[in-house]
Amino acid sequence: MGQLQLWLSALEMGCFFGLLALAYYLVLVGAGFFNFAIGPYAMVGGLCTSYLVIHEDVNVWAAAGVAVLVAAALAVITELAVVRQVQRRSGRGELPALVAVAAVLFAIQQLGGYLFGYTTLPGQNLLTFDPVAIGDIVVPPSAVLLLSFTVVAFAAAALWIRYTRTGRLLRAVGDSTHAAGLLGLPVNRVRLIAFLVSGLLAGITGLLFAPKAGVSSLSGLSWALSGFLAMVVGGTGSVWAPLVGGLLLGLVEVFVPYYFGGQSHVYGLLLVALLFFAFKPSGLFVRRIRA
């Protein structure tokens with residue numbers, strides 16, 4: 001594999017991590033909460049699509065639609081039945097809700113294994129066409145879709161948050177949930193929208209990335225950690241910050257094992273996490289809270 005092809009692979013990984021981080025970002029901005037079930041939502045998007053196509057002979061677009069709706073439904077259930085209920089009973093405490101969401105993460109993984117099996121399934125391409133050759137780089141259809149969706153998703157999120165009423169409400173609630181409630185803003189509705197959009201985004205991201213490496217019921221945890229780390233690295237100062245964090249992690253994921261071999265990328269990601277938690281815990285882009 002040539003160097004340029006490696007750069008393409010790093011770009012694919014970076015976009016995947018960045019999209020997962022964007023899903024984290026939307027919930028954090030709109031609900032002030034780290035939703036660690038983002039990875040399992042993405043896993044469901046990819047795994048459900050592959051299972052329906054391979055075992056039930058469902059059209060790939062119909063299967064993808066069902067899978068994304070299931071991921072979105074899981075996100076809504078997480079907010080309504082878990083996070084909101086636990087926070088209400090614990091006086092809006094963060095730790096009990098985080099523990100509850102961690103339980104949701106493993107519950108979705110186990111449910112995915114029970115329903116779709118525990119073996120790794122190949123991802124499904126929504127579009128099939130000949131790979132695009134650009135010089136020495138060969139870009140497969142899955143990469144074209146993933147890269148294109150990344151640009152569209154981040155641009156749409158930036159425009160939505162900046163220029164729409166719902167986006168402005170999202171930022172207002174994220175700045176201070178308590179103040180937003182005192183001002184009479186629809187806090188619960190905004191939180192629900194944040195979870196719903198993040199679930200849709202994660203589901204689409206999972207099914208678009210699955211053709212690159214396959215997907216199994218155990219993918220959720222590793223994807224959740226990768227997306228969270230990408231958000232930590234990028235920070236929350238801009239909608240585009242998660243993408244920057246994701247691209248940096250993509251470089252580590254691809255080039256560290258290329259030069260050092262084996263599972264060295266795991267240690268590379270761990271080193272990045274330690275460095276940022278120790279010296280730059282707010283990430284590269286720091287969010288400014290409006291007074």
Side-chain angles (χ1 to χ4, degrees), residues 1-26 28 38-39 41-43 45-46 123 125 131-132 134-158 198 201-215 219-260 263-277 280 283-285:
M1 182 182 293
Q3 284 284 343
L4 292 178
Q5 199 69 36
L6 283 174
W7 280 97
L8 173 62
S9 183
L11 181 60
E12 288 181 79
M13 295 297 300
C15 287
F16 172 62
F17 293 154
L19 287 168
L20 292 178
L22 178 61
Y24 272 102
Y25 174 88
L26 292 175
L28 183 62
I38 291 296
Y41 302 157
M43 175 271 293
N125 285 305
V132 179
I134 305 175
D136 295 331
I137 305 176
V138 178
V139 186
S142 59
V144 173
L145 287 176
L146 180 61
L147 300 182
S148 300
F149 178 71
T150 300
V151 174
V152 171
F154 274 93
S198 70
L201 176 61
I204 297 172
T205 299
L207 71 90
L208 290 181
F209 180 74
K212 182 173 178 63
V215 59
S219 300
L221 177 59
S222 62
W223 289 1
L225 294 176
S226 298
F228 175 70
L229 182 54
M231 191 190 67
V232 169
V233 172
T236 58
S238 166
V239 176
W240 297 92
L243 180 57
V244 175
L247 292 174
L248 289 176
L249 291 189
L251 292 174
V252 174
E253 181 78 14
V254 172
F255 283 100
V256 168
Y258 177 75
Y259 287 109
F260 298 100
Q263 297 295 310
S264 56
H265 67 285
V266 175
Y267 302 105
L269 293 175
L270 178 60
L271 178 60
V272 171
L274 292 174
L275 289 174
F276 271 86
F277 279 122
K280 194 70 173 176
L284 295 174
F285 299 91

Peer 1: On a heavy-atom basis, which atom in Leu8 and which in Pro140 lie closest, and how many Å separate them?
Peer 2: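 Between these two residues, the closest heavy atoms are CD2-CD, 4.4 Å.
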Peer 1: Show your working on side-chain contact (heavy atoms from CB on, under 4.5 Å) between Leu19 and Leu146 and close with a plain yes or no.
Peer 2: CA-CA 10 Å; Leu19 287 168; Leu146 180 61; 4.0 Å; yes
Peer 1: Using every non-hydrogen atom in the two residues, find where Leu11 and Leu147 come nearest and quote the distance to one decimal.
Peer 2: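 Closest approach of Leu11 to Leu147: CG-CD2, 3.8 Å.
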Peer 1: So do the side chains of Met13 and Ser226 get within less than 4.5 Å of each other, counting heavy atoms only?
Peer 2: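 When only atoms from C-beta onward are counted, Ser226 and Met13 do not touch, as no gap falls below 4.5 Å.
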Peer 1: Do you know the tightest heavy-atom contact between Ala230 and Ala21?
Peer 2: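 In terms of heavy atoms, the two residues are closest at CB-CB, 3.7 Å.
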Peer 1: Of the non-hydrogen atoms in Pro141 and Pro131, which two are nearest, and what is the gap between them?
Peer 2: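 Smallest interatomic distance, heavy atoms only, reads CD-CA, 4.5 Å.
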Peer 1: Is there side-chain contact between Leu201 and Tyr25, with at least one heavy-atom pair below 4.5 Å?
Peer 2: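 A side-chain contact under 4.5 Å is absent here.
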Peer 1: For Leu20 and Phe228, run side-chain contact (heavy atoms from CB on, under 4.5 Å): C-alpha distance rounded to whole Å, both residues' side-chain angles, the deciding distance at 0.1 Å, then the answer.
Peer 2: CA-CA 8 Å; Leu20 292 178; Phe228 175 70; over 6 Å; no
Peer 1: Do the ring planes of Phe16 and Phe209 sit parallel (below 30°), tilted (30 to 60°) or perpendicular (above 60°)?
Peer 2: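 Rings of Phe16 and Phe209: parallel, under 30°.
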Peer 1: Short question: side chain of Tyr24, backbone of Ala224 - any donor-acceptor pair under 3.5 Å?
Peer 2: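 Yes: the side chain of Tyr24 pairs with the backbone of Ala224.
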Peer 1: Using a 4.5 Å cut-off on heavy atoms from C-beta on, say whether the side chain of Leu28 contacts that of Met231.
Peer 2: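 Sidechains of Leu28 and Met231: in contact.
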Peer 1: Using a 3.5 Å distance criterion without hydrogens, assess whether the side chain of Ser222 forms a donor-acceptor pair with backbone atoms of Ser219.
Peer 2: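 Answer holds: yes.
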Peer 1: Might you work through the side-chain contact (heavy atoms from CB on, under 4.5 Å) test for Leu243 and Leu22, ending with a clear yes or no?
Peer 2: CA-CA 7 Å; Leu243 180 57; Leu22 178 61; over 6 Å; no
Peer 1: Within this structure, what is the CZ-CG distance for the pair Phe17 and Leu229, rounded to the nearest 0.5 Å?
Peer 2: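 The distance works out to 8.5 Å.
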Peer 1: Rounded to the nearest 0.5 Å, how far does CD of Glu12 lie from OG1 of Thr150?
Peer 2: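 It comes to 10.0 Å.
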Peer 1: Might you point out which heavy atoms bring Ala155 and Trp240 nearest each other, and give the distance in Å?
Peer 2: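 For Ala155 and Trp240, the tightest heavy-atom pair comes out as N-CH2, 3.7 Å.
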Peer 1: Of all residues at least two apart in sequence or in a different chain, which pass the ring pair (Phe, Tyr, Trp, His ring centres under 6.0 Å) check with Phe149?
Peer 2: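 Ring pair (Phe, Tyr, Trp, His ring centres under 6.0 Å) list for Phe149, sorted by chain: empty.
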Peer 1: Work out which heavy atom in Trp223 is nearest to a heavy atom in Gly206; give both atom names and the distance.
Peer 2: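 Smallest interatomic distance, heavy atoms only, reads CZ3-CA, 4.1 Å.
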